[in-house]
Participant: 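Dumping the structure here so I can ask a few things about it.
Chain identifiers are assigned alphabetically (A, B, ...) following the order of the sequence lines, protein sequences preceding nucleic acid strands; residue numbering begins at 1 within each chain.
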Number of protein chains: 2
Amino acid sequence: METIDTLDRKILTVLQRSADMPLEAIGDQVGLSRNAVWRRIKALEATGIIRARRAELDAGKLGLGLMVFMQIRTHSHDPDWQGTFAKATQTIPGILNVYRMTGDLDYLIRARVADMADYDRLYQQLIKRVPLSDVAASFVMEEIKDDPVLPL
Amino acid sequence: METIDTLDRKILTVLQRSADMPLEAIGDQVGLSRNAVWRRIKALEATGIIRARRAELDAGKLGLGLMVFMQIRTHSHDPDWQGTFAKATQTIPGILNVYRMTGDLDYLIRARVADMADYDRLYQQLIKRVPLSDVAASFVMEEIKDDPVLPL
DNA sequence: TGTGAAACTGACATCGC
DNA sequence: GCGATGTCAGTTTCACA
């Protein structure tokens with residue numbers, strides 16, 4: 001973690017919300033010239049603080065209206081179980097995040113699917129590739145907040 | 001949900017990964033002229049399938065290395081409890097997502113914080129504004145997969 | 001850091017396919 | 001629909017003061 005000054009913070013806050021803003025507009029918001037902004041952004045990209053610029057899509061309009069969390073418990077202490085699990089989840093489309101959580105062996109998967117049938121397809125795909133003893137799925141009924149902006 | 005053809009899917013797949021690519025480079029990847037790509041992107045923005053372009057930041061390098069899931073159960077059937085809850089979570093920085101889940105009244109919060117002390121600050125902020133009977137927190141030890149790209 | 005000028009890219013319009 | 005071409009404004013990029 002590097003040190004970031006106030007102006008960089010301001011720039012990052014803007015870029016998190018909309019990365020398609022002209023340098024001059026950003027400069028106006030943070031009180032810097034277009035060029036100063038450009039240099040700072042370049043530096044932030046070089047240090048890896050800015051990872052990428054991505055288009056955020058509407059999952060619902062693309063037919064992926066169902067979000068599901070899968071909570072996985074395993075009693076396997078097999079050293080390469082996690083490797084298999086990681087590789088499987090990495091390659092299955094629709095799986096967005098996989099986390100190893102606190103509490104011994106406990107994994108959380110966040111995935112987007114079209115519907116229940118699609119979820120079952122994903123589930124079958126997963127258990128075909130990894131031995132899973134305990135899987136519980138919870139479905140998202142409503143997204144009350146969805147704001148990827150980190151507080152700076 | 002509108003119908004999307006194969007070329008639009010290809011364009012969206014590219015844009016999900018990197019939205020800072022010149023139109024010509026995208027055209028090369030999908031087999032279209034810069035102009036055709038431009039027309040399609042405009043249409044995808046107009047229909048709202050492309051929501052925004054955002055810079056993705058490295059949370060760890062910004063001192064927000066701890067991700068936490070808070071699972072909330074409430075027995076309150078108060079009609080405006082959810083309103084209070086929604087408003088509170090909406091305004092507390094660090095809270096990225098709030099979901100209402102299947103299973104009667106069950107909410108899931110995903111948040112990024114600096115450390116345990118910071119989590120406690122967020123927790124205190126939340127319970128000060130909303131009556132919560134049951135809150136369980138799970139912390140992310142390892143991000144095994146983090147890929148926001150939707151399968152198209 | 002700011003300024004300026006060059007190079008590039010985006011944002012269209014037009015035409016023919 | 002698409003591609004090719006052209007034009008123009010806006011933007012990025014990089015010299016240098």
Side-chain angles (χ1 to χ4, degrees), chain A residues 1-65 114 147-152, chain B residues 1-59 61-63 147-152:
Chain A
M1 175 200 168
E2 9 259 305
T3 326
I4 325 251
D5 69 25
T6 313
L7 289 166
D8 281 342
R9 272 173 222 281
K10 284 186 183 175
I11 291 171
L12 290 173
T13 303
V14 173
L15 287 180
Q16 282 190 95
R17 297 193 186 282
S18 54
D20 51 1
M21 206 175 274
L23 290 173
E24 182 154 351
I26 303 172
D28 288 347
Q29 291 206 20
V30 304
L32 240 55
S33 75
R34 29 222 105 118
N35 238 302
V37 174
W38 178 74
R39 275 194 286 262
R40 281 169 181 270
I41 290 177
K42 284 291 146 197
L44 290 165
E45 282 169 348
T47 56
I49 290 173
I50 295 177
R51 273 197 191 161
R53 291 146 192 269
R54 298 175 183 279
E56 182 190 296
L57 309 185
D58 188 316
K61 290 187 175 164
L62 292 163
L64 294 167
D147 181 11
V149 175
L150 304 177
L152 304 174
Chain B
M1 176 199 169
E2 8 260 305
T3 326
I4 324 250
D5 70 25
T6 313
L7 289 166
D8 280 343
R9 273 173 222 280
K10 284 186 184 174
I11 292 172
L12 290 172
T13 302
V14 173
L15 287 180
Q16 281 191 93
R17 298 195 187 280
S18 54
D20 51 1
M21 205 175 274
L23 290 173
E24 182 153 354
I26 302 172
D28 289 347
Q29 292 206 21
V30 305
L32 240 58
S33 77
R34 9 192 135 70
N35 233 309
V37 173
W38 177 78
R39 278 191 284 255
R40 282 167 179 270
I41 290 178
K42 281 294 144 194
L44 290 165
E45 282 169 347
T47 56
I49 289 173
I50 296 177
R51 271 196 192 163
R53 293 146 192 269
R54 298 173 181 280
E56 182 191 296
L57 309 184
D58 189 315
K61 291 187 176 166
L62 291 164
D147 181 11
V149 175
L150 303 177
L152 304 174

Participant: Considering just the side-chain nitrogens and oxygens of A/R34, establish if one lies under 4.0 Å of OP1 or OP2 belonging to C/dT1.
Facilitator: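 No, because none of the side-chain N or O atoms of A/R34 sits under 4.0 Å from OP1 or OP2 of C/dT1.
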Participant: Ignoring hydrogens and geometry, is there a side-chain-to-backbone donor-acceptor pair from A/Q16 to B/L57 under 3.5 Å?
Facilitator: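 Side chain of A/Q16 to backbone of B/L57: no pair is present.
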Participant: Rounded to whole Å, how long is the line connecting atom CG of B/N35 with atom C1' of C/dA11?
Facilitator: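 After rounding, the reported distance stands at 9 Å.
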Participant: Using a 3.5 Å distance criterion without hydrogens, assess whether the side chain of B/K10 forms a donor-acceptor pair with backbone atoms of B/G31.
Facilitator: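 No, B/K10 side chain to B/G31 backbone: no donor-acceptor pair under 3.5 Å.
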Participant: Among C/dG10, C/dG2, C/dA11, which nucleotide sits nearest the side chain of B/K42?
Facilitator: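 Among the listed nucleotides, the one closest to the side chain of B/K42 is C/dA11.
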Participant: Any sub-3.5 Å donor-acceptor pair from A/R9's side-chain atoms to A/I4's backbone N or O?
Facilitator: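 A pair under 3.5 Å: yes.
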Participant: Based on Watson-Crick and G-U pairs with both distances under 3.5 Å, what dot-bracket line describes DNA chain D 5' to 3', crossing pairs as [ ] and inter-strand pairs as |?
Facilitator: |||||||.|||||||||
Participant: Counting any heavy atom closer than 4.0 Å, what does B/G31 reach on the DNA or RNA strands: base, sugar-phosphate only, or nothing?
Facilitator: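 Contact class for B/G31: sugar-phosphate only.
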Participant: For A/R39, answer base if it contacts any base atom (sugar-phosphate contacts may also be present), sugar-phosphate if it contacts only those atoms, and nothing otherwise; contact means non-hydrogen atoms under 4.0 Å.
Facilitator: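 The answer is base, as A/R39 lies within the cut-off (heavy atoms under 4.0 Å) of a base atom.
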Participant: Output the rounded distance in Å from CG (B/D28) to P (D/dG3).
Facilitator: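 Distance, rounded to whole Å: 11 Å.
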Participant: Roughly, in whole Å, what's the span from CE in A/M21 to P in D/dG10?
Facilitator: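 These atoms are roughly 17 Å apart.
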Participant: A/L15 and A/I26: side chain to side chain contact (heavy atoms under 4.5 Å, CB included), yes or no, with the steps?
Facilitator: CA-CA 8 Å; A/L15 287 180; A/I26 303 172; 3.9 Å; yes
Participant: So which nucleotide from C/dG10, D/dG3, C/dT1 ends up closest to the side chain of A/A36?
Facilitator: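 Of all the options, the side chain of A/A36 is nearest to C/dT1.
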Participant: With no hydrogens and no angle check, is any side-chain donor or acceptor of A/R53 less than 3.5 Å from a backbone partner on B/R53?
Facilitator: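 Not a single qualifying donor-acceptor pair exists.
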Participant: How close do A/V30 and A/I11 get, heavy atom to heavy atom, and via which atoms?
Facilitator: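 So the minimum-distance heavy-atom pair works out to CG1-N, 3.9 Å.
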Participant: Which is more 5' along DNA chain D, the nucleotide nearest B/L32 or the one nearest A/E24? Just name the residue.
Facilitator: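 Looking at DNA chain D, the more 5' nearest nucleotide goes with B/L32.
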Participant: How far does the C1' atom of C/dG16 sit from the matching atom of D/dC8, given to the nearest Å?
Facilitator: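 23 Å, rounded to whole Å.
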Participant: Whole angstrom is fine here: how far is it from CD in A/E45 over to C1' in D/dT13?
Facilitator: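 It works out to 13 Å between those atoms.
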Participant: Choose from C/dA11, D/dT13, C/dT1 the nucleotide whose nearest atom is closest to any side-chain atom of B/W38.
Facilitator: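 From the listed options, C/dA11 comes nearest.
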